[in-house]
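Structure first, then comments.
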Amino acid sequence: MLALLARKSRSRHKPLTIRNHSMDKIITRFPPSPTGALHIGGARTALFNWLYARRMGGAFVLRLEDTDKVRSTQESVDAIFQGLEWLGIDWDEGPFYQSKRTEIYQEYIQKLLDSGNAYYCTCSPETLDEKRKAAMARGDKPKYDGTCREKGLTNADNAVVRLKAPLTGKTVFEDKVKGTIAFDNQELDDLIIARSDGSPTYHLAVVVDDITMGINTIIRGDDHVSNTPRQVLLYNALDYPVPIFAHVPMVLGADKKRLSKRHGATSVIEYKHMGILPQAMINYLARLGWSHGDQEFFTVDELKDVFSLENIGKSAGVFDPARLLDLNADHIRAAADKDLAPIFIEQLAKLGIQAEDGEYLYQVMETLKPRAKTMVELAEKALFYYQDTIEYDPKAAQKCLIPEAIRPLEALIEKLDSVDVSDEKQVENAFVQVMESTGLKLGKIAQPVRVALTGQTASPGIFEIVQILGKAKVTARLRAAMDYIRTQNA
RNA sequence: GUCCCCAUCGUCUAGCCUGGUCCAGGACACCGGCCUUUCACGCCGGCGACAGGGGUUCAAAUCCCCUUGGGGACGCCA
């Protein structure tokens with residue numbers, strides 16, 4: 001058997017520990033533990049698994065690792081769903097809950113016991129802890145000393161079950177990202193697979209789940225590489241083929257430390273509230289640790305076509321909000337108005353504006369898209385389109401709403417009277433005529449008008465604003481500005 | 001402490017496997033300019049990196065070793 005396996009393996013250029021899955025349909029999974037919101041790192045892991053499954057025509061499984069009863073919460077489960085939904089990451093199977101699969105784990109623990117690959121251990125946590133500390137102090141690796149390994153204990157109260165791991169040799173696995181990784185079995189110890197209350201520990205549950213769910217490709221964070229040999233040992237003990245691993249480097253904060261609250265928003269959903277588009281977040285996350293030549297902008301569909309494990313980088317990456325913002329601006333510009341509309345309306349609502357989907361809204365967005373990095377910003381800059389009375393920015397008013405502005409303002413109102421403002425050319429023409437009649441340069445006329453119409457000195461092009469606002473609102477605002485100037489200088 | 005992983009501009013990265021075309025390319029950020037009715041967008045330009053040291057070689061960012069630095073794992077957490 002071994003010889004056969006070895007020969008087969010060699011012909012496929014794979015090490016013995018891996019039985020090849022390449023003929024099978026790719027099945028990936030995302031197994032968050034519901035102890036918090038979906039954070040940046042988790043979202044990227046989910047994304048990579050999802051994209052890879054989609055690219056390979058495989059399946060993507062969602063599994064909640066909620067065996068830690070103390071820390072797992074329903075709120076976290078909901079938050080994870082919410083995050084995935086926002087990103088548009090859907091799954092083909094699941095969600096499975098580990099808390100509902102205890103019988104399956106029992107079955108596999110028993111198998112291990114029956115085959116002599118596991119044994120009961122009655123060492124107390126306190127004793128273990130002391131030994132661990134002593135080993136550390138000695139400069140040794142803190143590992144289980146095997147006290148109960150050969151005792152041949154049958155089930156006893158408060159006994160845990162340990163895997164009987166090999167004492168010598170090496171455990172080797174192929175990592176799609178890092179290459180071949182080897183651990184001396186001496187470095188590993190007899191890990192606990194069942195707690196004294198009979199419940200499975202993480203390693204056992206993960207391996208049993210991945211086996212029973214047919215997972216053959218495991219894409220996960222770098223922090224799991226040292227867990228991998230233990231899990232490989234479990235696959236071996238259970239006599240199941242080892243899946244393909246791809247360990248993706250960590251996402252770090254600007255200080256190169258693991259991303260955490262103090263680096264700002266870590267929950268993916270917070271970025272939704274900040275006005276980030278899901279497609280921008282996906283684009284950013286994909287490019288953080290993965291590349292496709294020099295290409296920076298990707299649509300989700302594009303990623304589903306070109307994403308590959310081969311192009312995942314080996315080193316950790318720093319989360320860069322500025323880059324995300326830039327990509328978001330690109331995606332805002334690239335998005336169709338009808339897709340942006342609901343998000344835009346939602347953001348406007350937060351500012352107290354009830355806006356309707358329709359032509360007016362689209363025109364408004366078109367003028368603002370190149371000027372906004374987030375949807376929040378887009379809404380903020382759109383306020384003047386929807387407000388009845390314009391509140392002037394003090395500096396803007398002081399600079400532009402001055403007595404000298406009265407004449408061009410008045411002239412413009414007059415000119416506009418005979419103009420079809422829905423035609424931008426005619427609007428421009430009106431301004432040109434005012435320039436001629438007043439002898440002022442366009443800048444001298446446009447700025448007061450801009451402040452009159454928007455309250456700000458910075459805005460979209462003045463002609464398009466007039467066109468969109470319409471004659472009635474424009475003249476009303478111009479008049480209001482003249483009144484303002486007069487009262488200020490009375 | 002022990003083991004594992006990693007190392008190209010401030011940041012994300014291309015290039016590394018299959019040494020020469022790389023006095024290292026792109027993007028973000030930053031700085032300057034152009035366009036211009038403002039602000040953006042856009043365009044042009046600038047700044048800016050192969051961690052250090054040894055090898056191997058006619059030739060090394062690319063291969064090997066060491067050092068340093070960073071990260072991760074060492075739980076009856078996941």
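All heavy atoms count here, side chains included; hydrogens, waters and symmetry mates do not. Below, chains carry the letters A, B, ... as their sequence lines are ordered, and counting in each starts from 1.
Applying the Watson-Crick and G-U wobble criteria (two distances, each under 3.5 Å), A29(B) pairs with nothing in any strand. Partner assigned to C41(B) is none, using Watson-Crick or G-U wobble distances below 3.5 angstrom. Pair assignment for C50(B): none, as no Watson-Crick or G-U wobble contacts are both less than 3.5 Å. Summarising the base pairing, A73(B) is matched to U2(B) through a Watson-Crick or G-U wobble pair whose two defining distances lie under 3.5 Å. Base-pair partner of G20(B): C58(B) (Watson-Crick or G-U wobble, both distances under 3.5 Å). Using the Watson-Crick or G-U wobble rule with both distances under 3.5 Å, U68(B) pairs with A7(B).
Listed by residue number, the members of residues 441-466 of chain A with any heavy atom below 4.0 angstrom from RNA chain B are L442(A), A446(A), Q447(A), R450(A), T457(A), A458(A), S459(A), P460(A), G461(A), I462(A), F463(A).
The same atom, P, is picked in C64(B) and in G1(B); the two are 27 Å apart, to the nearest Å. For the C1' atoms, the distance from C16(B) to U21(B) is 16 Å, rounded to whole Å. Comparing the same atom, P, in G72(B) and in C12(B) gives a spacing of 16 Å after rounding to whole Å. Comparing U62(B) with G19(B), their P atoms sit 12 Å apart, to the nearest whole Å. Remark: the separation of the P atoms in G52(B) and U8(B) is 11 Å, to the nearest Å. With P as the reference atom, A14(B) and C63(B) are 14 Å apart, rounded to whole Å. Only the C1' atoms considered, C9(B) is 15 Å distant from C23(B), to the nearest whole Å. Between A24(B) and C50(B), the two C1' atoms lie 7 Å apart (nearest whole Å).
Applying the ring-ring contact (aromatic ring centres under 6.0 Å, His included) criterion to Y386(A), with sequence neighbours excluded, gives Y360(A). When the ring-ring contact (aromatic ring centres under 6.0 Å, His included) test is applied to F183(A), no partner is found at least two apart in sequence or on another chain. Under the rule for a salt bridge (Lys or Arg N to Asp or Glu O under 4.0 Å), the partners of K369(A) that lie at least two apart in sequence or sit in another chain are D337(A), E366(A). Annotation: ring-ring contact (aromatic ring centres under 6.0 Å, His included) contacts of F96(A) (sequence neighbours excluded): none. In this structure, the side-chain contact (heavy atoms from CB on, under 4.5 Å) partners of S99(A), at least two apart in sequence or on a different chain, are D66(A), Y97(A). K471(A) meets the salt bridge (Lys or Arg N to Asp or Glu O under 4.0 Å) test with no other residue; sequence neighbours excluded.
At the heavy-atom level, N227(A) lies under 4.0 Å from base atoms of the strands shown. Residue C123(A) is classed as a base contact, given a heavy-atom separation below 4.0 Å to a base. Using a 4.0 Å heavy-atom criterion, one finds that E296(A) contacts the bases of the nucleic acid, with or without backbone contacts as well. Looking at heavy-atom distances under 4.0 Å, T67(A) makes contact with sugar-phosphate atoms alone, never a base. F183(A) comes within contact range of the sugar-phosphate backbone alone, with a heavy-atom separation under 4.0 Å but no base atom that close. Here A182(A) lies in heavy-atom contact (under 4.0 Å) with sugar-phosphate atoms only. Residue-level contact check: R132(A) touches the backbone only, with heavy atoms under 4.0 Å from sugar-phosphate atoms and none from bases.
Taking 4.0 Å as the cut-off between side-chain N and carboxylate O, D223(A) and R258(A) count as a salt-bridged pair.
In summary, contact between chain A and RNA chain B, defined as any nucleotide atom under 4.0 Å from a heavy atom of the protein, begins and ends at G1(B) to A78(B) in the 5' to 3' direction.
Closest approach of P408(A) to L440(A), counting heavy atoms only: CG-CD1, 3.7 Å.
Sorted by first and then second residue, the salt bridge (charged side-chain N to carboxylate O under 4.0 Å, His left out) pairs with a member in residues 34-47 of chain A form an empty list; sequence neighbours excluded.
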Audit row: M375(A), F344(A), side chain to side chain contact (heavy atoms under 4.5 Å, CB included) steps and yes/no: CA-CA 6 Å; M375(A) 292 306 288; F344(A) 184 44; 3.9 Å; yes
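Taking for each of A254(A) and V160(A) the nucleotide of RNA chain B with the nearest heavy atom, the 5'-most of the two is the partner of A254(A). Remark on RNA chain B: of its neighbouring residues V206(A) and G317(A), the 5'-side contact belongs to G317(A), judged by nearest-heavy-atom nucleotide.
No donor-acceptor pair under 3.5 Å is formed between the side chain of S199(A) and the backbone N or O of R195(A).
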